[in-house]
Protein chains: 2
Amino acid sequence: MDLTATTAQLAGTASDLVRLLPAKVYDPVLAGVLITADRGGLLLTGTDRERGVRLRCPAVTHTDGQVLVPAKPLAETLRALDSEQVRLVVEGSRLAIRVPGARFALPLLEVDLHPGVAEPPARVGEVPGREFARLLATVASVASRDDALPMLTGVRLRNLPGGVLGMVATDRYRMAVAELPWAAEAEVDAMVPAAVLVEAAKQAAGADRVSLHVDSDRAGLVWQDSAITTSLLASTLPDEAKVIPSAVETTVELEADALAGAVRRVGLYTEGRQVVQLDIGEGEIRVHGADPQAGEAEERVKAEVTGGRMTPAYQVRYLSDALKAFAGDRVRIGVPSGLRGTLFSSLDDRLRYLVVPIRPQAR
Amino acid sequence: MDLTATTAQLAGTASDLVRLLPAKVYDPVLAGVLITADRGGLLLTGTDRERGVRLRCPAVTHTDGQVLVPAKPLAETLRALDSEQVRLVVEGSRLAIRVPGARFALPLLEVDLHPGVAEPPARVGEVPGREFARLLATVASVASRDDALPMLTGVRLRNLPGGVLGMVATDRYRMAVAELPWAAEAEVDAMVPAAVLVEAAKQAAGADRVSLHVDSDRAGLVWQDSAITTSLLASTLPDEAKVIPSAVETTVELEADALAGAVRRVGLYTEGRQVVQLDIGEGEIRVHGADPQAGEAEERVKAEVTGGRMTPAYQVRYLSDALKAFAGDRVRIGVPSGLRGTLFSSLDDRLRYLVVPIRPQAR
């Protein structure tokens with residue numbers, strides 16, 4: 001094998017692959033990247049048996065070939081190079097990474113031991129790359145990161161009535177629901193591990209059209225000649241229609257960033273319980289926090305308020321996270337009576353974000 | 001007390017003060033900042049008994065006064081504000097921080113309990129703020145951070161012959177020596193805690209003239225109406241003239257950044273011992289690293305070499321740190337015979353940096 005590539009492109013592709021594989025793999029073969037060079041350029045593939053990654057990178061191939069080398073050292077070396085072009089060439093039992101004045105040599109692993117990467121499952125439809133990645137990142141941000149509770153570490157993707165791809169995630173305290181118009185080619189209802197799906201969508205975000213591939217065991221994204229697949233989780237989520245309140249008592253509409261700023265500042269005065277209270281009144285929300293040690297704070301934010309006066313209270317972190325999902329935009333906040341979840345929505349209702357309030361402490 | 005200040009200025013001053021006090025103080029009074037407002041503006045003072053900080057900030061005082069409030073919450077609140085101006089006003093048992101639409105209230109602590117901040121010791125001379133801060137940061141970077149071994153956590157400041165202020169630090173494996181021309185007004189030989197001195201010099205760096213104040217117990221920097229003092233360490237350092245080699249076998253001169261880049265890349269191929277070897281030959285240095293797992297790497301860097309061929313080896317981290325001290329400049333590297341320290345010098349000899357090489361492993 002002997003090829004020349006643009007350093008930045010190859011370094012980016014190798015780093016993308018490394019980001020998709022688990023940081024710790026005990027089998028050195030699975031910590032390897034399979035590099036295939038032919039007339040079409042360069043193909044980098046890797047797998048940990050759960051996930052499969054196949055990424056294409058332009059290159060000028062002088063001699064066809066296929067090698068397996070440790071993925072992380074390859075990515076780190078490429079990322080550290082200053083030269084515009086880089087040459088990869090097999091020299092004896094080494095893959096040499098050559099730039100003018102320097103040679104870096106990685107040991108070759110045995111190609112035959114690599115299990116290879118399975119083909120993606122059947123195609124079920126197509127989404128616009130950037131919009132899909134954006135909505136998915138917001139939805140996945142509420143998924144649980146607790147691997148001891150894997151049921152909640154995924155995003156549920158499924159067909160909804162009206163030609164819409166629904167994406168839902170929850171950690172029991174928050175639930176986020178996004179809807180993306182699409183032309184479904186098959187029924188879909190899959191629980192996809194959130195972290196890998198978000199990273200895959202990010203890498204595919206540059207493509208106008210990204211194919212979604214799903215069967216009963218696996219899901220994948222395919223764009224141009226690249227593909228990322230993952231096993232599904234063996235769980236599902238409660239129907240969002242049963243969780244999201246159908247009626248609210250009071251509705252508030254305001255700039256998400258204005259409220260987020262007030263919550264951030266007042267949140268400094270909530271040392272113990274980290275709770276802020278929103279006093280929703282006429283034409284404004286008063287954000288209030290107090291703590292015997294830290295003192296007390298309040299800040300007023302202008303808002304369009306419909307409905308009665310209410311005083312819900314929230315964990316600072318949950319409220320800040322919810323508002324961040326609508327950064328740069330106006331947000332509509334629906335407060336139902338009692339301790340039912342508060343609904344944050346984009347004005348076009350494409351993104352809905354539910355936060356469970358907390359019982360205010362008796363004062 | 002009632003005053004108005006520019007938010008960014010006051011936030012910066014309060015943050016500077018917090019950075020100079022230890023993160024954990026068990027006496028709440030010492031976690032406080034004493035705010036004094038009068039016609040001259042605003043004075044923030046704080047102490048942990050070891051260190052004393054007095055920082056001036058412009059303000060328009062409506063009513064004179066003095067209060068003691070928790071320093072960190074004050075700094076965090078000010079830093080989080082968006083408004084250009086901020087008002088501080090005593091309201092009952094609170095110091096209110098007011099901006100349009102918001103009020104943040106900190107509990108007042110008892111002013112009488114604060115020990116106050118002692119005056120700086122006698123003045124011994126004057127240094128240019130920016131140059132002093134720059135050289136000091138480099139020298140202090142080799143001081144030990146191990147508080148269990150406090151003797152080596154300081155920078156030794158002393159008069160050297162020829163109208164020069166010498167600054168020295170060492171952690172036994174490295175030693176850095178800087179010399180700054182100055183007009184000494186008294187004898188100086190003091191061992192100053194490195195971390196606080198670096199932070200103080202950084203805060204004073206904007207001033208053309210910074211006074212150095214030293215007696216047998218304390219040292220301080222004074223500029224305009226601000227002053228930072230600290231207790232001295234009860235130790236000293238070996239005379240640098242006895243440590244720095246007087247004769248070298250081979251001298252190399254090159255761009256520090258070029259060698260640093262090569263060391264960074266080749267360093268990726270030194271997994272176990274993290275050691276690179278420099279093969280100093282005619283007109284170049286060959287940087288070499290190898291590891292049975294990671295493979296091997298070498299990179300050539302052009303250099304002016306005087307003297308014989310040598311092959312010293314170094315810890316990657318120590319070599320990188322040394323080269324960083326000369327970033328953007330050419331550096332002269334003097335290699336003595338045997339395992340004595342290698343000397344890195346700026347071309348004007350104002351900065352010298354000694355690194356102990358390591359014995360290369362038998363191959």
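Every chain is numbered from 1 and lettered A, B, ... according to where its sequence line falls, protein lines coming before strand lines.
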Colleague: Show, in sequence, the C-alpha distance, side-chain angles and deciding distance for A/F104 and B/E299, and conclude whether the side chain to side chain contact (heavy atoms under 4.5 Å, CB included) test is met.
Modeller: CA-CA 8 Å; A/F104 307 88; B/E299 184 162 342; 3.4 Å; yes
Colleague: Please give me the minimum heavy-atom distance between B/E76 and A/L268, naming the atom from each residue.
Modeller: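 Reported closest heavy-atom pair: O-CD1, 3.5 Å.
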Colleague: Specify which of B/R265, B/E271, B/R79 makes the most heavy-atom pairs with chain A at under 4.5 Å.
Modeller: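 Between B/R265, B/E271, B/R79, the count favours B/R265.
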Colleague: Salt bridge or not for A/R94 and B/E296, using N-O below 4.0 Å?
Modeller: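 A salt bridge is present here (some side-chain N lies under 4.0 Å from a carboxylate O).
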Colleague: Please identify, among B/A102, B/P100, B/A262, B/A105, the residue contributing the most non-hydrogen atom pairs under 4.5 Å to chain A.
Modeller: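 Highest number of pairs under 4.5 Å: B/A105.
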Colleague: Determine the minimum heavy-atom distance between B/I97 and A/Y269, stating which atoms define it.
Modeller: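 Nearest pair, atom of B/I97 first, then A/Y269: CD1-OH, 3.8 Å.
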Colleague: Hey, which of A/L95, A/T77, A/V99 has the most heavy atom pairs under 4.5 Å with chain B?
Modeller: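 Going by pairs under 4.5 Å, I would pick A/T77.
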Colleague: Chain B heavy atoms under 4.5 Å from A/V266: which part of the residue, side chain, backbone, both or neither?
Modeller: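 Both parts, heavy atoms under 4.5 Å.
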Colleague: Based on non-hydrogen pairs under 4.5 Å, which of A/G295, A/G101, A/G289, A/G261 is most in contact with chain B?
Modeller: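 Of the options given, most contacts go to A/G101.
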Colleague: Got a sec: does the CZ of A/R330 have more than 12 other heavy atoms crowding it under 6.0 Å?
Modeller: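 It does: A/R330 CZ has more than 12 such atoms within range.
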Colleague: Rounded to the nearest 0.5 Å, how far apart are CZ of A/R264 and CG of B/L81?
Modeller: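 Here the rounded value is 9.0 Å.
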